[in-house]
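Keep in mind that this is a model prediction, so the values were computed, not measured.
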There are 2 protein chains.
Amino acid sequence: MNQAVNPKPTITDVARAAGVSKGLVSFALNDRPGVSARSRDHILRVARELGYRPSVSARSLSTSTSYACGLVIARDPEIISADPFFPSFIAGVERVLVAEGRALVLSVVGGDEHEDAVYRTLAADKRVDGVFLTDLRRDDPRIPLLAELGLPAVTLGRTPGSPFPAVALDDTPGTAAATQHLIEQGHRRIAHVIGPLRMMHAQRRHAAFAATMAAAGLDAGLVEETDFTAAHGAAATARLLDLANPPTAIVYDNDPMAIAGLGVAHERGLRVPGDLSITGFDDSEIARYVYPALTSVRSDPQLWGEAAARSLLAAIADRDPVADVDLPPAHLVVRASTGPVSTGPSPSGPAPTGARA
Amino acid sequence: MNQAVNPKPTITDVARAAGVSKGLVSFALNDRPGVSARSRDHILRVARELGYRPSVSARSLSTSTSYACGLVIARDPEIISADPFFPSFIAGVERVLVAEGRALVLSVVGGDEHEDAVYRTLAADKRVDGVFLTDLRRDDPRIPLLAELGLPAVTLGRTPGSPFPAVALDDTPGTAAATQHLIEQGHRRIAHVIGPLRMMHAQRRHAAFAATMAAAGLDAGLVEETDFTAAHGAAATARLLDLANPPTAIVYDNDPMAIAGLGVAHERGLRVPGDLSITGFDDSEIARYVYPALTSVRSDPQLWGEAAARSLLAAIADRDPVADVDLPPAHLVVRASTGPVSTGPSPSGPAPTGARA
DNA sequence: CTGAAAGCGCTTACAG
DNA sequence: CTGAAAGCGCTTACAG
């Protein structure tokens with residue numbers, strides 16, 4: 001207005017322009033009690049006119065707060081790539097963080113060997129005020145570590161003995177629905193190709209698979225554990241199909257493995273779904289464009305990110321415990337890769353791709 | 001040693017324990033000239049014994065430096081997911097950043113509408129000391145913006161009129177090799193399904209395609225522009241195959257689109273590569289597990305990330321200009337989705353998946 | 001309701 | 001080569 005927007009006005013400039021002390025400006029800006037309405041309005045207006053933005057580093061120093069949240073991903077980059085989860089999750093996190101003037105500090109470490117050091121450094125350097133805990137593992141060492149470091153956290157999914165708030169999106173209904181869907185199509189031998197069993201979600205999903213099979217009086221013993229890569233998915237599929245009595249349907253724990261399974265089936269001249277039905281998980285964008293279009297399980301990682309960010313900010317700010325949040329569960333999306341067991345003769349040997357019968 | 005590791009010793013504790021002034025400790029730690037070797041060694045040893053780590057926020061305040069670098073990705077999360085580039089790139093960046101005690105601040109914005117605001121906020125809040133510029137566009141508005149903001153940057157690829165150092169990984173040899181490979185297989189009508197033309201790499205790759213076609217005396221007019229999604233890849237493929245004189249080979253600008261193209265071909269009962277050859281780009285992990293295994297173009301995003309981080313840190317630290325860096329170019333990986341034009345009769349109509357002829 | 005002052009933990013001229 | 005002091009821009013008791 002009157003004054004040109006100087007290179008970064010400070011709180012001192014605002015105080016001077018408003019004719020009050022720096023302390024009062026600070027109180028008004030952080031709307032704390034003990035400032036008259038008139039003063040507050042006046043100060044806020046002057047601050048806006050000056051284009052004032054508090055210095056993050058100065059605030060950080062005096063409050064020991066970084067105004068940032070951290071996410072450390074302990075997966076091989078190739079596996080992250082294959083998974084549509086993280087980019088969407090991060091987009092959701094960002095959406096609420098920026099609205100609160102917070103930044104996201106991301107760290108990707110190859111495996112979980114160095115993650116301990118990463119969390120310690122993040123805490124020691126006060127780089128973040130709290131962290132998102134994804135890919136929860138059984139007896140996850142990060143829980144006691146963060147408790148020891150005094151670093152607030154939010155977990156994606158509940159885990160026993162955790163002092164941190166959880167944001168849960170139940171994906172077991174998705175796996176159960178996929179299994180049930182196959183059973184209803186007449187399948188009796190159904191295999192489950194799962195992720196690393198040390199990850200809680202892999203365990204939970206497998207439990208859902210097993211329970212659904214058991215409820216139908218079927219054997220749930222056909223299981224292959226993988227590391228979530230397409231390579232493992234392909235290998236697991238090959239092993240299953242080499243069985244004397246191979247499955248007629250396979251439930252995969254992510255889309256890349258399911259797509260790799262599709263490849264193996266095609267290579268062997270099997271018809272999908274005629275000879276082998278296949279379901280994926282995560283419903284990545286390519287899922288509906290492979291042939292046949294992949295039946296998969298869909299959740300909402302972006303929503304998950306938003307909810308997790310809100311809970312984390314609450315946990316950072318609040319004295320009192322933050323309540324757990326439950327998001328709408330994952331659900332099955334049926335496409336063309338699943339169907340009834342074929343009655344025709346089972347073909348054998350490799351076939352030229354998609355050649356007509 | 002003698003003293004218990006108190007909750008976060010400060011520079012004052014170190015100075016007291018070493019019997020010197022804070023200033024001298026600071027000089028020793030940042031190894032600046034003017035400290036005797038004896039003093040330096042003594043101070044460094046005391047600091048180590050105390051487990052001293054300088055406070056990032058205190059250093060930030062007095063040096064106006066954040067000790068962090070920024071990456072803002074302006075793409076739809078679904079598209080990021082489909083692309084193996086970013087996770088690997090980020091892993092590379094991280095590797096060198098952590099070694100230098102720097103953090104990575106990540107921002108993902110849906111499209112490029114709000115990116116302007118994001119960079120301004122990052123700069124105003126001094127959240128980062130410099131940024132990585134990926135997905136360069138023609139007359140990229142971020143170049144003048146960052147120059148105006150005085151924020152150091154490094155660009156992935158060269159771009160005319162940029163004052164920032166570039167780290168280039170030439171991907172055009174990959175596209176040229178894919179095109180040449182198809183020509184050598186006897187293809188004459190080859191289409192190019194490309195990314196958004198406003199992105200420089202899409203333009204460059206298309207130029208490489210066109211040049212290779214021209215060198216063989218072939219028409220490079222069959223082009224479809226997309227947004228990099230599998231959905232667009234499928235639609236583009238359908239349009240091309242609906243042509244009165246459809247192509248016998250298609251060069252795609254990323255793997256998800258190529259895989260979607262494979263799906264469309266299969267759905268129409270076309271044999272791959274017999275009736276249609278297909279090449280992808282980026283060589284994602286699933287590429288080799290689809291059927292038939294996808295011929296694709298491989299680069300090294302992780303190496304790119306490491307080089308970019310090194311250049312950015314140099315640009316942040318140095319007074320003098322940082323030299324551009326050239327990385328090994330992308331190269332073709334031939335698999336089963338490409339081959340000679342089939343001499344047999346072209347099949348028509350949809351076919352059951354992988355059924356035997 | 002408001003002001004003056006100390007303090008957060010560093011870095012950096014300025015003297016000696 | 002070393003020390004004492006000011007300053008970075010906030011927040012927060014402490015007085016009034």
Side-chain angles (χ1 to χ4, degrees), chain A residues 6-44 46-47 50-68 101-102 123-127 129 316-317, chain B residues 6-44 46-47 50-68 101-102 123-127 129 316-317:
Chain A
N6 294 346
K8 290 245 73 187
T10 71
I11 198 172
T12 306
D13 298 323
V14 176
R16 184 159 29 224
V20 297
S21 71
K22 298 192 311 180
L24 200 57
V25 173
S26 177
F27 270 58
L29 255 32
N30 298 310
D31 48 32
R32 296 172 45 141
V35 185
S36 71
R38 270 196 75 239
S39 289
R40 176 190 315 287
D41 292 350
H42 178 223
I43 292 168
L44 261 34
V46 170
L50 257 39
Y52 172 71
R53 290 181 65 88
S55 153
V56 175
S57 56
R59 299 187 74 193
S60 294
L61 180 57
S62 47
T63 62
S64 327
T65 297
S66 64
Y67 302 95
R102 258 75 173 180
D125 290 355
K126 289 206 193 315
R127 274 303 235 304
D129 303 322
I316 291 169
Chain B
N6 294 346
K8 290 245 72 186
T10 70
I11 198 172
T12 305
D13 298 323
V14 177
R16 185 161 27 225
V20 298
S21 71
K22 299 190 312 179
L24 201 57
V25 173
S26 176
F27 270 57
L29 255 31
N30 299 309
D31 49 29
R32 298 171 45 140
V35 185
S36 72
R38 271 195 73 241
S39 291
R40 175 190 318 285
D41 293 350
H42 178 224
I43 292 169
L44 261 35
V46 170
L50 257 37
Y52 172 70
R53 289 182 65 87
S55 153
V56 175
S57 55
R59 299 187 76 193
S60 293
L61 181 57
S62 49
T63 62
S64 332
T65 297
S66 63
Y67 302 96
R102 258 76 173 183
D125 291 356
K126 289 206 191 317
R127 280 293 328 218
D129 302 323
I316 290 169

Name the pairs: protein N/O against N/O of nucleotides 13-16 of chain D, kept only if under 3.5 Å.
none

With respect to the phosphate group of [N], does any side-chain polar atom (N or O) of [X] fall under 4.0 Å of OP1 or OP2?
X	N	value
Ser57(A)	dC8(D)	no
Tyr67(A)	dC10(D)	no
Arg59(B)	dT11(C)	yes
Ser36(B)	dT2(D)	yes
Ser26(A)	dT11(D)	yes

Taking all non-hydrogen atoms of both residues, which atom of [X] and which atom of [Y] are closest, and how far apart?
X	Y	value
Arg127(B)	Ala68(B)	O-CB, 3.6 Å
Leu50(A)	Pro9(A)	O-CG, 3.4 Å
Phe27(A)	Arg40(A)	O-NH1, 4.4 Å
Leu44(B)	Ala28(B)	CD1-O, 3.9 Å
Tyr52(B)	Thr10(B)	CE1-C, 3.5 Å

Just how far, in rounded Å, is [atom2] of [N] from [atom1] of [X]?
X	N	atom1	atom2	result
Ile43(A)	dC1(C)	CD1	C1'	11 Å
Lys126(B)	dC10(C)	NZ	P	21 Å
Tyr52(B)	dT11(C)	OH	C1'	11 Å
Ile11(B)	dT12(C)	CD1	C1'	12 Å
Arg53(A)	dC10(D)	CZ	P	12 Å
Arg16(A)	dA4(C)	CZ	P	13 Å
Asp31(A)	dT11(D)	CG	P	12 Å

Can you tell me if Ser60(A) uses its side chain to pair, donor with acceptor, with the backbone of Thr65(A) under 3.5 Å?
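Answer holds: yes.
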Can you tell me which stems DNA chain D forms, taking runs of 3 or more consecutive Watson-Crick or G-U pairs with both distances under 3.5 Å?
C:1-3 with D:14-16, C:5-12 with D:5-12, C:14-16 with D:1-3
Applying a 4.0 Å non-hydrogen cut-off, can you work out what Ser39(A) is touching in the nucleic acid: base, sugar-phosphate, or nothing?
sugar-phosphate
What nucleic acid atoms does Leu61(A) come within less than 4.0 Å of, heavy atoms only: base, sugar-phosphate, or nothing?
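Touches a base.
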Look at the side chain of [X] and decide which nucleotide, out of [options], has an atom nearest to it.
X	options	value
Thr63(A)	dT12(D), dG3(D), dG9(C)	dT12(D)
Val35(B)	dT2(D), dG3(D), dA4(C)	dT2(D)
Ser62(A)	dG9(C), dC10(D), dA4(C)	dC10(D)
Lys22(B)	dT2(D), dT11(C), dG9(D)	dT11(C)
Leu24(A)	dT2(C), dC10(D), dC10(C)	dT2(C)

Closer to the 5' end of DNA chain D via nearest nucleotide, is it Gly19(B) or Val25(A)?
Gly19(B)
Strictly below 4.0 Å, N to O, side chains only: are Arg53(A) and Asp125(B) in salt-bridge contact?
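Result for this pair is yes, salt bridge flagged.
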Identify, with sequence neighbours excluded, every residue that meets side-chain hydrogen bond (donor to acceptor under 3.5 Å, both in side chains) alongside Ser64(A).
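With neighbours one apart ignored, the set is empty.
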Is there side-chain contact between Val56(B) and Arg59(B), with at least one heavy-atom pair below 4.5 Å?
no
